[in-house]
Amino acid sequence: MSSSSMRSFEYLESLPGTVFNRLYKQPSTALAIFRRMLPQLAKSFVMAMLYMPRPLPVADLDTWVRPGSRREQDTAIDLLERLQILKRTAEPNKPRSYVLTNPFAASLRQALTGGGNHRSFGVPSRTHAEGQVTKAQLDDFARRQWEGVLGYMVGSTGVGLNDEGAKLSLAVKHLLKYGRLVEVRGRSVDITQDGFAFVLQEVNAQVWTILILYLENAEELGMDRVDVLSFLFMLGSLELGQGYSKANLTDTQLQMLLDLGDFGIIYQNTPNSDSYYPTRLATTLTSDASALRSATAGFDTALRPSNNDDKGFVVVETNYRIYAYTSSPLQIAILSLFTRLSTRYPNMVSGKMTRESVRRAISMGITGDQIIDFLYTHAHPQMRKNANFLPPTVVDQIRLWQIEGERMKSTVGFLFKDFLSAAEYEGLCQYAGDIGVLKWKNDAKRMFFVTRHEQVAAYLKSQKEKRREGG
Amino acid sequence: MPKAVKGVLVECDPSIKAIILKIDHDKHDYIVEDLDDQHLVIKESQLPRLKERLEEVLADTQQMPDESGSD
């Protein structure tokens with residue numbers, strides 16, 4: 001699963017149940033969560049249970065899954081419970097059962113079979129008086145705005161770039177500052193650790209990061225987060241190149257149109273026009289993984305500066321020298337984050353990677369692998385003629401510089417200890433491994449370390465009940 | 001009844017672990033549980049402080065090769 005959807009997960013999981021309840025009333029939200037957030041097995045469970053009139057006993061669900069795939073089953077069930085899609089019912093004298101929660105099931109049924117007057121998938125605008133906007137125009141607009149945002153973030157790293165391109169509104173700058181992607185000191189803007197990692201992410205992950213920041217910030221501005229969230233999920237279901245009517249949007253959502261326009265996620269001819277257009281940044285938000293990858297790949301290429309027909313422009317020599325055939329301020333700024341640039345020509349910059357420059361980048365939060373990835377994807381076609389086209393000495397050295405700083409690896413979590421019996425230890429340890437939270441274990445000491453304890457504790461309790469029932 | 005203790009799992013080389021043990025030795029206010037050669041659990045609140053102390057110790061004991069500015 002991509003890191004972007006992981007981030008949106010973490011945000012969603014932190015929401016209280018009442019928010020889920022209101023969110024799932026929108027069919028578009030239920031569908032978006034279903035298709036974007038769930039692994040295939042979880043989808044199968046939901047589909048199978050969607051039209052079931054009665055709760056499904058736990059034992060019956062277990063028979064659907066091969067014994068060898070318990071791990072996948074546990075992960076899927078765990079996720080569904082955390083997203084409050086599935087819940088366990090416990091009534092006396094009845095076997096424990098699963099049931100889909102209601103606003104979600106009803107909304108998903110409505111989304112799949114149609115009907116109702118919910119308008120949650122957006123209302124296409126019928127007036128074309130102001131002139132149709134083409135997809136190319138939308139892509140161009142989105143690219144300009146988004147590059148502008150990235151350029152603003154990295155443009156201050158001492159290369160002395162004149163800011164060209166899109167003008168950023170105060171709201172955008174405020175949001176980047178709020179999210180600690182940049183730090184503003186007086187008139188100068190400095191990129192932070194998080195910001196650095198952000199710039200090198202793929203576009204879709206970047207959009208999600210920005211949107212989650214926007215959500216958190218929206219609460220502070222007094223905007224209703226259910227309104228904001230359901231609008232975001234709706235955006236993902238819109239069609240590129242189609243205008244949509246503003247008529248049935250809430251005030252919060254109208255404000256969002258303006259804010260998202262600054263990022264190039266939404267396009268409007270004028271702020272007062274009565275329709276809006278989602279750009280590619282918006283329409284790929286909640287599409288499922290495969291569609292997303294190709295779409296972002298397409299957009300990624302589109303995002304590369306137009307003066308490079310081929311996207312490779314970096315030459316790396318075995319002596320750590322770098323020659324980059326580019327005049328794009330964004331690319332130069334990114335390079336300068338981990339290279340000591342010395343000379344700039346009209347169409348090329350040159351410099352050298354040093355221990356100091358790479359260590360500086362690593363201390364800002366970027367990993368050595370990210371640097372290597374960047375060099376790899378942007379390698380000049382001349383370099384690609386060799387099979388192993390990045391000099392192995394350089395790649396190894398970057399990794400070594402990285403390891404130098406990683407004296408210890410730390411993971412927050414919980415240590416389980418003081419088990420009475422080997423059986424108790426083994427059962428719980430096995431379960432923790434199955435749901436993927438186990439980090440370390442020692443059979444002899446009967447101790448193990450997990451990243452989350454809620455599920456494990458719940459399992460421990462259920463085992464105990466089972467034993468009591470049995471005994 | 002097994003116990004669950006909140007903390008941070010630290011993975012490191014035995015040499016680094018030895019330094020951590022030494023840092024902890026003064027007041028015993030970092031380590032929750034010593035697990036094995038390469039693992040220990042420390043208090044979450046102390047993690048930044050421990051990292052700082054570790055850097056200090058390493059800076060004292062290690063010589064970094066000088067980098068001349070010539071290209």
Side-chain angles (χ1 to χ4, degrees), chain A residues 319-322 339-343 350-359 363 401 403-421 424-425 427-429 432 438-454 456-457 459-461 463-464, chain B residues 1-26 28-71:
Chain A
N319 56 7
Y320 309 105
R321 281 175 189 281
I322 285 195
T339 327
R340 197 173 69 211
L341 295 176
S342 47
T343 324
S350 77
K352 191 177 176 185
M353 277 189 287
T354 63
R355 174 175 176 276
E356 187 202 350
S357 71
V358 172
R359 293 285 307 142
S363 71
W401 280 329
I403 294 169
E404 227 173 69
E406 284 177 0
R407 303 298 181 173
M408 51 190 227
K409 208 177 132 199
S410 52
T411 322
V412 182
F414 298 84
L415 179 74
F416 279 75
K417 58 178 185 179
D418 299 346
F419 287 92
L420 293 176
S421 68
E424 191 180 36
Y425 164 79
L428 203 58
C429 191
L438 186 69
K439 285 298 288 185
W440 175 91
K441 67 176 175 129
N442 186 323
D443 295 345
K445 287 187 177 175
R446 283 189 199 155
M447 287 185 195
F448 62 88
F449 192 91
V450 294
T451 49
R452 308 172 68 100
H453 75 292
E454 297 89 352
V456 180
Y459 179 80
L460 188 68
K461 207 175 278 173
Q463 287 301 94
K464 208 158 271 171
Chain B
M1 178 72 184
K3 268 207 309 201
V5 190
K6 191 164 169 50
V8 180
L9 179 75
V10 173
E11 267 175 270
C12 56
D13 288 345
S15 58
I16 300 296
K17 201 198 132 187
I19 300 177
I20 298 179
L21 286 181
K22 204 176 140 209
I23 293 174
D24 183 67
H25 186 73
D26 296 341
H28 296 290
D29 51 355
Y30 291 97
I31 297 179
V32 177
E33 189 93 35
D34 188 350
L35 300 176
D36 60 25
D37 279 356
Q38 301 188 8
H39 294 89
L40 26 81
V41 176
I42 62 161
K43 290 177 193 159
E44 194 179 358
S45 55
Q46 294 281 37
L47 183 64
R49 178 91 189 99
L50 181 66
K51 276 188 180 161
E52 244 170 62
R53 294 277 300 268
L54 190 62
E55 284 296 314
E56 281 169 26
V57 175
L58 287 174
D60 286 347
T61 53
Q62 282 185 321
Q63 281 288 319
M64 288 299 166
D66 251 1
E67 245 167 44
S68 56
S70 68
D71 280 78

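Every chain is numbered from 1 and lettered A, B, ... according to where its sequence line falls, protein lines coming before strand lines. Computed from a predicted structure; not experimentally measured.
The contact between Leu415(A) and chain B is made by backbone and side chain atoms together, counting heavy-atom distances below 4.5 Å. The contact between Val41(B) and chain A is made entirely by side chain atoms (from C-beta outward), counting heavy-atom distances below 4.5 Å. Heavy-atom distances place the side chain of Ile20(B), and not its backbone, under 4.5 Å from chain A.
By the neighbour-count criterion of 12 heavy atoms within 6.0 Å, atom NE2 of His25(B) is sparsely surrounded, having that number or fewer from other residues, nucleotides or ligands.
Lys51(B) NZ to Ser410(A) OG: the interatomic distance, rounded to the nearest 0.5 Å, is 4.0 Å. The line from CZ of Phe448(A) to CG of Leu9(B) is 13.0 Å long, rounded to the nearest 0.5 Å. Atoms NZ and NE2, on Lys409(A) and His39(B) in that order, are 8.0 Å from each other to the nearest 0.5 Å. Remark: Met447(A) CE to Lys3(B) NZ distance equals 10.0 Å, nearest 0.5 Å.
In this structure, Lys6(B) and His453(A) have side chains that are not in contact, with every pair of non-hydrogen atoms separated by 4.5 Å or more. Residues Pro2(B) and Glu424(A) have side chains in contact (heavy-atom distance under 4.5 Å, counting atoms from C-beta outward).
When Asp13(B), Asp36(B), Ile19(B), Leu50(B) are compared by the number of non-hydrogen pairs under 4.5 Å with chain A, Asp36(B) comes out ahead. The candidate with the highest count of non-hydrogen atom pairs below 4.5 Å against chain B, out of Arg446(A), Lys417(A), Lys464(A), Lys439(A), is Lys417(A). Interface check for chain B: of the options Thr451(A), Asn442(A), Asp418(A), Asn319(A), the most heavy-atom pairs under 4.5 Å are formed by Asp418(A).
Taking each heavy atom of Lys445(A) and Asp34(B) in turn, the nearest pair found is NZ-O, 3.5 Å. Shown here for Val8(B) and Phe449(A), the closest heavy-atom pair between the two residues is C-CZ, 4.1 Å.
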